[in-house]
Amino acid sequence: MAALSSQFGDLVEIKKQLTVIIALCRERGLMHSVKWASELAFALDPLPMNELPPPPPFTEEDAQDLDAYSLAKSFFDLKEYDRAAYFLRGCRSQKAYFLYMYSRYLSGEKKKDDETVDSLGPLEKGQVKNESLRELRVELSKKHKARELDGFGLYLYGVVLRKLDLLKEAIDVFVEATHCLPLHWGAWLELCNLVENKEMLKSMSFPDTWMKDFFLAHIYTEMQMIEEALQKYQSLINVGFSKSTYIISQIAVAYHNIRDIDKALSMFNELREQDPYRIENMDTFSNLLYVRTMKPELSYLAHNLCDIDKYRVETCCVIGNYYSLRSQHEKAALYFQRALKLNPRCLGAWTLMGHEYMEMKNTSAAIQAYRHAIEVNKRDYRAWYGLGQTYEILKMPFYCLYYYRRAHQLRPNDSRMLVALGECYEKLNQLVEATKCYWRAYSVGDVERMALVKLAKLHEQLNESDQAAQCYVIYIKEIFECGELMEQVELSTAFRYLGQYYFKNKQYDDASICAQRCCNYNDAREEGKSLLRQISQVRGQGETSSSDLSLPFIFGPLSAKNTPVRRMSPLNLSSVTP
Amino acid sequence: MASVHESLYFNPMMTNGVVHANVFGVKDWVTPYKITVLMLLDEMTISTSITLLDRRRLNKLILPLLQSPDMTLSQLIKTVEDSCPQLAYTVHLRLQLMADGELKDMEHFFDMLPSPFNETESEAHKTSVVGLFMRHMVLAYNKLSFSQVYKLYTALQQYYQSYERKDSPTAEPAEDTDMELTNTEELGGKMEKEELDLEPSDDEVSTRGPLSQKQAEYFLAQQAYLLKNDENKALDPAALQKELNNMLKFNPDFAEAHYLSYLNSMRVQDIFNSTDSLLHYFDRLILPGGDSKSNGDEGCGRSLRYAALNLAALHCRFGHYQQAELALQEAIRIAQESNDHVCLQHCLSWLYLLEQMKGSDSTLTEHAVKMAVHFCLPYLASLGIQSLVQQGAVGGKTANKLMDALKDTDLLHWKHSLSELIDISIAQKTAIWRMYGKSTMALQQAQVLLSMNSLEPVNLGVQQNNSEAFAVALCHLSELHAEQGLFAAASEILKHLRERFPPHSQHAKLWMLCDQKIQFDRAMNDGKYHMADSLVMGIAALSKTEGLYRKALVLKARNQTTEAYKVLQRLLLYCEKIKGTEMTIRVMLSLAELHWSSSCHAVALPLLLRSLAVSREYHLQYLASECILHLAFSQLMLGIPEQALNILHMAIEPILAHGALLDKGRAMLLVAKCQIVTASSEPSKQQKTQALEVAVQNLEEAGTYFTKVDCKERVRDIYYLQARLYHSLGKTAERNKCAMLFRQHNQELPSQGVPLITRL
């Protein structure tokens with residue numbers, strides 16, 4: 001279990017800190033941080049009257065600036081940023097100064113967005129800049145050097161630096177901000193977006209507070225280090241944050257990322273119960289419902305969200321998924337387009353739209369959509385995978401290899417890419433490469449349980465009957481262990497092959513067991529019977545079966561104690577499929 | 001939180017999930033630069049005082065101005081000043097008025113622009129280039145929204161002010177026309193210098209601001225053309241990539257930029273980026289419906305086929321032959337499914353090329369060429385013929401047939417203006433003549449190629465292109481010069497090659513090999529075997545067989561006979577397998593020489609006869625004469641000098657006409673040796689003296705040849721022989737002189753194991 005900061009012992013103290021920071025952030029208009037902190041505070045028990053923290057100290061400067069600040073704050077809340085900045089010009093208190101700089105920054109951002117729509121031509125679009133960034137940077141860096149910035153000021157300085165693409169400096173400033181004011185979630189979140197890999201994370205030093213654990217859990221989720229993230233979240237829940245919707249949603253997303261669908265679904269259902277009007281993350285939820293083809297649930301979710309707010313990206317994605325599940329792909333594409341109009345940087349929608357176009361057999365549009373997704377985020381493995389699939393459908397197995405390889409690079413432990421790669425190699429008649437892929441797919445934990453059968457068939461083709469038999473044995477064992485009897489076709493082929501294999505090797509007992517199993521399946525019944533006949537014929541000739549390798553069946557009375565599967569451990573196989 | 005201020009922009013150009021950059025025909029828009037150009041055009045139509053010469057210069061200027069990326073005002077004004085200073089001044093004045101004035105001045109300007117629709121007579125006719133440009137501009141201006149107009153005006157003011165700021169410290173050239181007229185020359189000189197300073201800085205390139213669609217297209221076309229024809233004139237890879245990335249950042253749908261990025265990555269052998277760009281290009285290219293009509297078949301499938309084909313080409317360039325083959329198979333399959341014979345034909349030629357590169361001997365059938373002609377693909381057809389000719393040449397077809405075929409393709413080329421193939425054809429002729437050992441003809445063909453004007457329209461100062469054909473011809477040229485002992489000229493040519501084909505470029509290997517071979521030969525001649533040995537590694541890296549052969553030569557020269565023999569035997573087997581006739585013969589000759597060094601002259605004879613037969617069969621005249629030289633030497637050593645002299649007469653003529661200096665020297669030396677031996681059997685003393693004198697003369701000639709190629713050992717031996725001859729002739733003075741020279745040389749050189757007398 002991941003060790004948590006010792007401060008978690010005192011939840012009351014944490015609650016107090018949260019209350020204070022909520023007030024501070026609210027005064028400065030940092031609404032998202034307020035939201036996060038409030039959500040967390042809500043999950044903790046309410047404080048008694050006498051425990052409530054005192055309001056932050058009120059200095060002389062604050063008093064002087066009070067009127068200007070109140071006026072400006074009201075303008076700020078009404079999104080009249082320039083006006084707010086104007087009235088805050090001369091203010092000297094930290095609070096007013098932050099609001100002054102922040103309104104100038106937001107005003108620049110707003111103008112930039114407006115300009116983008118109104119620019120002279122498409123090629124100029126990328127050139128639109130927030131004009132005020134440069135001035136803000138100069139002023140803030142002066143203050144920074146003079147050490148006059150408080151935690152919020154540092155945060156704003158970091159944001160400005162990041163917007164100017166000075167990422168290194170930005171990271172340093174954000175780290176400083178977290179040291180200065182550890183309770184401000186915004187600074188941590190910015191770091192989450194800037195830290196690229198584990199090494200980078202290790203090299204940084206963070207203040208040792210309870211916030212750090214939230215940060216680490218969050219960044220583990222971002223970096224797809226799901227195990228660690230889940231551990232962290234679990235221990236946070238154990239400490240007393242069990243009611244936090246934030247944590248629940250994060251856990252649900254983490255489960256979704258490792259494709260643990262059942263657990264993710266249950267988490268989302270819990271989330272929906274606690275926070276029925278929540279829209280965030282609901283697109284992920286709908287993805288899960290889609291994968292499980294839970295039509296009524298998805299329909300309910302879609303209608304519900306549409307009632308809450310139909311002009312949200314998440315809502316559009318959910319509705320798109322809903323239509324997609326109903327096979328109304330045109331409408332689905334329409335909704336994904338709408339989502340993109342609301343936010344063109346919404347990556348999931350591009351990929352999903354690509355899937356829809358694939359369903360509509362509009363390969364070129366699908367390719368375009370996937371390409372857009374990749375442009376937004378080069379690390380989107382689903383888009384690469386989608387591109388690969390598209391070209392596979394166009395019967396270009398060699399061409400799609402590149403795309404699958406890219407997807408595989410991004411998700412080295414995802415069996416689907418490996419199986420896809422293996423299939424391509426198989427089509428290109430490069431069987432050795434294909435066996436490598438399938439074996440690897442099996443080793444990393446095959447989701448669709450197809451890798452082994454394919455591997456076995458490949459070994460059959462390569463005339464490596466021992467390996468093929470081994471694969472079938474492992475396959476059958478896995479299927480029976482799971483208790484799922486869906487893929488009967490493959491099971492019957494497995495038994496059929498094993499029957500023949502044992503028969504050839506003169507292990508008649510095992511062969512007859514396999515033949516009997518064959519008779520349970522329609523398509524293999526005849527062969528099973530004929531094999532049984534052959535066996536009895538051979539035995540009739542008086543040969544005693546030498547069964548040194550008995551059959552590995554959990555269900556058969558014969559082999560309950562003696563399962564050769566143990567002997568044929570996967571390690572054996574790895575020597576033949578390098 | 002950050003996500004609040006993420007830019008939210010709506011892309012109006014998206015329909016049906018596919019972004020079309022040109023839904024509204026937004027190809028061009030108004031910028032301050034373009035307003036200035038409009039002013040210039042307006043002034044040109046109004047003003048009557050421009051002289052005819054100036055007007056012509058201005059007219060020539062218009063197209064580049066319209067197409068090029070936006071220039072700064074100072075650049076623009078200087079360019080115009082070059083043609084007509086007076087007009088530049090007027091334009092400057094008008095711009096100043098507008099920039100210092102009010103917004104209404106700009107509005108007024110656009111109102112007052114001559115409408116191309118009314119004036120049928122003027123240059124601004126609606127269908128003319130200028131008229132089209134004006135219409136584009138007026139249209140784009142009218143589309144601007146309220147805030148955009150104001151933005152444009154402020155941009156114009158900034159445009160003008162930045163010029164003013166830049167100019168104010170210098171002597172404000174535009175203030176006084178008179179001063180300017182007197183100072184034009186000086187100004188011109190200054191400007192050129194400034195421009196030269198400005199050109200290469202890539203900051204200039206990237207800060208030029210966004211390109212409009214048209215400008216971007218022109219930029220891409222220009223760079224692609226340069227990449228193809230004269231790589232060194234194009235932007236260097238890093239700068240070009242920067243520019244392309246810039247372009248793609250603002251307009252990711254500009255698929256052609258991806259293709260150029262692919263070409264650019266190929267320049268620096270970056271497989272990762274080039275694959276990425278190539279696939280990206282084709283992903284972008286695959287557009288639905290729209291294109292299909294123009295192509296005549298379904299557009300999507302077509303680009304798919306060519307995508308696979310291009311991928312094959314890419315892998316082929318990087319030497320991944322297996323991958324290339326797989327990609328090619330894919331292309332062939334798709335092409336077959338959709339009955340695209342043209343694509344299939346392309347695939348076929350690639351397939352052939354691939355097989356050839358893999359070293360297996362596949363044959364492109366004549367049938368394929370006929371098919372290409374049938375589908376009206378002159379390029380592929382003549383490429384096929386050229387391949388056939390190459391095969392024929394290596395396979396020993398008669399020269400007249402080959403030349404005939406080449407002549408036929410030449411007809412085809414000139415008919416279809418396939419300048420690239422003309423170059424290849426000439427380079428091929430050079431190579432064939434060289435292979436036959438006709439150095440004069442080879443020299444002539446190489447010169448023809450080099451002094452030929454390219455058929456491509458001569459623009460951008462590109463005179464010749466940097467195709468493989470040129471590299472081949474230049475390499476041959478330098479080798480030919482080196483053979484004749486003109487090492488300075490050869491290295492000059494190599495220097496030029498190095499400039500034109502920088503080491504990272506595709507054809508650089510050709511000259512690298514050539515350079516090392518020349519150096520190796522020089523080192524061997526000079527007896528510096530350690531130097532030659534160090535070069536062997538470099539040669540082996542570029543060509544395996546050549547490296548092995550040279551290694552054997554070094555071993556042989558160092559008297560490591562056994563090792564040399566082993567290497568040569570291995571090489572012989574290999575060459576026979578890949579049917580490298582020339583190399584086989586060379587190896588056999590070297591083997592024969594090895595036999596000599598162990599004094600088994602009789603054993604060498606069958607080898608030599610076999611190589612003579614082979615070289616005659618393949619019409620390799622040069623190697624044939626080489627064989628005869630060897631044969632003659634063997635005969636001499638076996639004690640039948642008369643016979644040797646007899647067959648030498650066959651070889652001496654072609655060697656003197658076409659051979660390398662070293663070979664000439666060797667031939668003359670051998671003749672002299674034979675003469676000396678036969679002289680001893682002459683009956684009368686007078687005849688004997690005469691024969692010896694002839695021999696001395698021949699030795700003299702051989703000596704001059706050897707001196708030219710720095711063959712000091714051989715020169716020393718010549719002196720020795722001469723001294724002996726003079727001695728037997730009784731010419732003491734000459735004898736002493738030669739003996740002294742011999743002594744000088746002998747002191748300089750370490751003595752070798754093999755006395756040169758018993759060497760060819």
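First the proteins, then the strands, lettered A, B, ... as listed; each starts at 1. Bear in mind the structure is a predicted one, so any value in this text is a computation, not a measurement.
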Interface moiety of A/Glu356 toward chain B, non-hydrogen atoms closer than 4.5 Å: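 Looking at A/Glu356, nothing touches chain B.
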
List, one per line, each side-chain donor-acceptor pair under 3.5 Å for residues 396-406 of chain A, sequence neighbours excluded.
from     : atom 1 : to       : atom 2 : distance (Å)
A/Tyr402 : OH     : A/Arg406 : NH1    : 2.9
A/Tyr402 : OH     : B/Asp276 : OD1    : 2.9
A/Tyr403 : OH     : B/Asp283 : OD1    : 3.1
A/Tyr403 : OH     : B/Asp283 : OD2    : 2.9
A/Tyr404 : OH     : A/Gln389 : N      : 3.4
A/Tyr404 : OH     : A/Glu392 : OE1    : 2.5
A/Arg406 : NH1    : B/Asp276 : OD1    : 3.4

task: With a 4.5 angstrom heavy-atom cut-off, could you sort out which part of B/Glu325 is near chain A: side chain, backbone, both or neither?
output: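 For B/Glu325, there is no contact with chain A at all, as no heavy atom is under 4.5 Å.
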
field: chain A contact via B/Gln329 - which portion, at a heavy-atom distance below 4.5 Å
entry: neither

task: List the steps and the verdict of side-chain contact (heavy atoms from CB on, under 4.5 Å) for B/His280 and A/Ile374.
output: CA-CA 10 Å; B/His280 202 149; A/Ile374 290 168; over 6 Å; no

message: Just verifying a value: how many Å separate B/Leu304 CG and A/Ile367 CD1, rounded to the nearest 0.5 Å?
response: 6.5 Å

task: Take A/Lys427 and B/Glu330 through the test side-chain contact (heavy atoms from CB on, under 4.5 Å) and record every step on the way to the result.
output: CA-CA 11 Å; A/Lys427 276 180 201 153; B/Glu330 206 156 279; over 6 Å; no

message: Holding to ring pair (Phe, Tyr, Trp, His ring centres under 6.0 Å), I want the full list of residues that pass it with A/His329, two or more places apart in sequence or in another chain.
response: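 With neighbours one apart ignored, the set is empty.
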
task: Taking ring pair (Phe, Tyr, Trp, His ring centres under 6.0 Å) as the test, write out the residues that go with A/Tyr370, two or more places apart.
output: A/His355

- prompt: Using non-hydrogen atoms and a limit below 4.5 Å, what part of residues 311-320 of chain B faces chain A?
  reply: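 When heavy atoms of chain A are the reference, residues 311-320 of chain B contributes B/Leu311, B/His315 within the under-4.5 Å range.
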
message: Within the supplied structure, the quantity of interest is the number of heavy atoms (other residues, nucleotides, ligands) at a distance under 6.0 Å from B/Glu337 CD; does it exceed 12?
response: yes

